[in-house]
Amino acid sequence: MDMSLTLVLAVNSLTLGGLLFLLSAGFSLIFGLMKIPNLTHGSFFMLGGYVAASLIGWGVDFWSAALLSGLLVAAFGGIVERLILRRLAGAELAQVLVTLGLSFMVADVCLTVWTGDPIRIDTPSALRGATSVLGVAFPAYRLAISVIAVLFAAALWALLDQTRLGAMIRAGVDDPAMARVVGIRVSRLFTLVFCLGAWLAGFAGVIGGPILSVYPGLDQEMLPLALVVVILGGSGSLLGSLVGSFIVGFLYNFGQALFPELAYVVLFLPMLVVLVLRPQGLFGRQAG
Amino acid sequence: MANDALALSEIDAFYGDSHVLHDVSLRLGDGRLLGLLGRNGAGKSSSMHVAVGLLPPRRGAVTVYGRQVTGRAPEAIAALGVALVPQGRRVFKSLTVRENLAVAGRRPRGGLPMLWTLETVATLFPRLRERGKQIAGSLSGGEQQMLAIGRALMSNPRVLLMDEPSEGLAPQIVAEVMSTIRRLKAEGLSIVLVEQNAKLVADVADDIVILNSGRVVVEGSAADLRRRGIDLRQHLGIY
C-alpha cells in the first residue's frame, strides 16, 4: 500500500473516529449511567442530519443548524425518556424492544418527510479546501471533526468529573435511593443525561453530513458501530469511548481498504474477543 | 402534635408481601433525642425508611414539624430538613470524600445561617479533611461513618436520623461517634438514634421506644422508664 493511500485512510479513520466518539459518548453515558440500551441512538444521529439539512435549506448557517438540530433531537430524546423509558426502568428487554421499535418508526417518518434520496450537507465554507500540516495537505473539515471530538471529550470529562453536577450524577448511579434521601433529584438528572446524549448524537449527525450525507439506513449503519465502540471501550467510560472510537475508525477504514470482503469481520472480531476476555471493556470498571 | 419535629402515626408498612410495621407511632420532640431500640428485624430501619420517604406506608401519616409528608418523594422530605445516616453508611463509594459532602450541601430553611459547610464538617471530623481527595470506597469503616454523618449534616437538617451508627466500629470510634451525637444534640438538633445496644442509648436519650416484630412494645421518657424499673435489655433479648 503506498504512502499517500495510507495517509488518506488515516485521516478518514480520524474523522470517523471523531464522529463515532460524539455518537457513542452519549450511548455510553446513557447505558453506563442509566442502564438503558438505547437502540434509537442511531436514529438520533440520522434525525440530526435531516433536520439540519432542512434548516440549512431555509437559510440557517451550518453551525447554528448543528446546534439547533441537536437541541430538537435532545427534546425528542427527553420526551422518549420521560414518557416511555421511565416507565420501563430496570426492564432491559422491554427497553431494547421499545427503542428498536422507535428506531423503525423514526426511519419511516424520515422516509416520508425527506424522501429516499441521499441529502448532502455542504461543508461549512471556512473549512473547505486543505490545510497543510508539516508539508502534507489534509482536508481541513475532516481534521476539524477530530479536533471537535477531542474538545467535546475534554468538556464532557470536566462536566462529569470536576463539577458538583457531575458528582450528583455519579452519586445517583452509585446509590440512587440514597442520593434521593440526600436531596438529589435523580430522576431529573437522568433526563438531563439522556438529553445530553441525544444532543451529542444529533450534533454528530449534522457535522457528519458533509462527509457521509444523510440517507435512509444511516441510522442502522451507525448504531452497530457505536455498540462496538462502547463494548471495546467499556460502558460509562468517556476515555473508553474516545479510544474505542478511534480504534473502530481505523479498523473500519483500513479493513474496508485491505480486506473489503471481510470488513465486518475485521470490525466485529475484536468486539467478540473483548466480550469474551474482558467483558467490562478496555477502560470499563469491573462489574460489582 | 405541631411541636413534634417528626411524628409517625399509626403506620402500617410492607416490603412486598412482608408486613414490617404494625400500627407504629413514634414522636420526636423538638430538640430531643429519641432512642429507638429493638432486635434485628424489629422494624427500626423500616421506620426510618418510612420517615425519609423510601418506604411509603400503606396506612398512617408522617409529619415533619406538623406538615404532612406521607407518601412524598425522598428529595422533597430532605428539602424539609430531614437527614439520614443510614444503616451500613451507604456513602457514595466512587465519589471522593469531598464530593460526597458537596453533593449533599443545602442551605438551611428559612434563611437561617449556614451552620454546616465543607469547612465546619472538616473541623468536626479532621480526618475527612485529610482524606478529602480519596475515593470514599477506600475509607475505613469508622471514616465512612464520619463521612455519612458529615454528609447528613451538610444538608443543614432540623431532624437527624441515625441508623445504627455504632455498627461494626471499634469501641474508641463508637465513643467518638457518641460524643459527636451529644454535641449535635446540645446544638439543638432533633435526633433519632436507632440502636441494638441499649446501653449506648440509655446514656443520651430523652425518650425511648422499643420495637419488637414491627410493633411498639415500650415507650416513654428515659426517666420514666427508669422510674418504672423497666429493664431495656429484657426487651432486647440480652440477658
Side-chain angles (χ1 to χ4, degrees), chain A residues 28-35 81-82 86-87 89-91 156-193 233-241 280-281 283-288, chain B residues 45 48-56 72-109 118 132-133 135-137 144 147-157 159-161 163:
Chain A
S28 175
L29 284 179
I30 291 169
F31 187 63
L33 301 184
M34 302 163 70
K35 315 281 180 262
E81 197 274 334
R82 283 235 87 113
R86 177 56 48 98
R87 291 160 206 266
L156 285 173
W157 172 79
L159 173 72
L160 282 175
D161 241 63
Q162 301 295 307
T163 68
R164 180 163 177 258
L165 180 70
M168 287 170 137
I169 292 171
R170 284 178 285 128
V173 175
D174 264 12
D175 188 339
M178 196 57 218
R180 297 183 68 192
V181 169
V182 159
I184 299 171
R185 294 165 194 244
V186 174
S187 128
R188 192 180 289 187
L189 285 184
F190 279 9
T191 302
L192 190 74
V193 169
S235 71
S237 160
L238 278 173
L239 181 63
S241 290
Q280 74 272 31
F283 296 88
R285 273 186 287 171
Q286 190 83 46
Chain B
S45 291
M48 294 303 96
H49 286 180
V50 167
V52 298
L54 282 180
L55 176 61
R72 304 226 6 221
E75 50 269 41
I77 294 175
L80 288 172
V82 180
L84 172 70
V85 179
Q87 187 177 25
R89 318 187 244 283
R90 288 174 76 171
V91 297
F92 301 119
K93 288 200 163 66
S94 73
L95 273 61
T96 65
V97 168
R98 215 184 141 81
E99 284 173 338
N100 262 278
L101 296 172
V103 296
R106 178 187 288 277
R107 306 198 144 273
R109 295 169 48 79
L118 283 173
K133 292 205 154 107
I135 297 295
Q144 287 194 12
L147 181 56
I149 297 172
R151 178 179 66 180
L153 293 175
M154 283 296 289
S155 67
N156 286 289
V159 177
L160 182 61
L161 313 176
D163 197 347

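Heavy-atom basis, side chains included; hydrogens, waters and symmetry copies ignored. Chain A is the first sequence line, chain B the second, and so forth, proteins listed ahead of strands; every chain is numbered from 1.
Of the atoms belonging to I77(B), not a single heavy atom falls under 4.5 Å from chain A. Only the side chain of R151(B) comes within less than 4.5 Å of a heavy atom of chain A; its backbone N, CA, C and O stay farther away. Proximity to chain A (any heavy atom under 4.5 Å) is shown, for A73(B), by both the backbone and the side chain. At a 4.5 Å heavy-atom cutoff, A83(B) makes no contact with chain A through either its backbone or its side chain.
With rounding to the nearest 0.5 Å, the separation of CG in L84(B) from CE in M178(A) is 5.0 Å.
For the salt bridge (Lys or Arg N to Asp or Glu O under 4.0 Å) test, residues two or more places apart in sequence or in another chain that qualify with R170(A) are E99(B).
A donor-acceptor pair is defined here as one N or O able to donate and one able to accept, closer than 3.5 Å; no such pair exists between the side chain of R90(B) and the backbone of A177(A). At distances below 3.5 Å, not a single donor-acceptor pair connects side-chain atoms of D175(A) with backbone N or O atoms of F92(B).
More than 12 heavy-atom neighbours from other residues, nucleotides or ligands sit within 6.0 angstrom of CZ on R109(B). The environment of R188(A) atom CZ is sparse: at most 12 non-hydrogen atoms of other residues, nucleotides or ligands sit within 6.0 angstrom. R98(B) CZ: 12 or fewer foreign heavy atoms inside a 6.0 Å radius.
For residues 179-186 of chain A, the interface with chain B (any heavy-atom pair closer than 4.5 Å) comprises A179(A), R180(A), V181(A), V182(A), G183(A), I184(A), R185(A), sorted by residue number.
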